[in-house]
Amino acid sequence: HNKLLQDIAHIPSQIIAQIPADMKVAALVVLIIAVTGLEAGVVKREVPNIEQITQYFQSLADTFKTQTQEIFEKIKSGEVQTQAGQYLEQAKSQAEPLADRKS
């Protein structure tokens, strides 16, 4: 069991040993460029301050409150029931020709 683990542990080093030196250098250069690009992207980002975050959440809360109030008003006024009835009538009128075809 231990012999198998030791053999497996040596596989990456054996594979790396078979790669030509110029390919290793090229891979290292690509890796460095990738890491540098990632660092540059992280450094350039602007961190929002607490006021911006507070404004965002306040705006989100206001929008949610407004939409909730509008939904309750529609429910109170019966608009939702009227729309539901219209949708059911429309679905019924579209389904009747299909039922007539089968009979």
Trainee: Taking CD in E51 as the centre, count heavy atoms belonging to other residues, nucleotides or ligands within less than 6.0 Å. Is the count above 12?
Mentor: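 Count not over threshold, so no.
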
Trainee: Given 3.5 Å as the limit, does a donor-acceptor pair link the side chain of Q94 with the main chain of A91, or not?
Mentor: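 Such a contact is absent between Q94 side chain and A91 backbone.
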
Trainee: Side-chain heavy atoms under 4.5 angstrom apart, residues restricted to Ile, Leu, Val, Met, Phe, Trp, Tyr: same cluster for I71 and F64?
Mentor: no

Trainee: Roughly how far, to the nearest 0.5 Å, is CD of Q67 from NZ of K65?
Mentor: 13.5 Å

Trainee: Drop me the distance from K92's NZ to E89's CD, to the nearest 0.5 angstrom.
Mentor: 5.5 Å

Trainee: Are the side chain of T63 and the backbone of S59 linked by a donor-acceptor contact shorter than 3.5 Å?
Mentor: yes

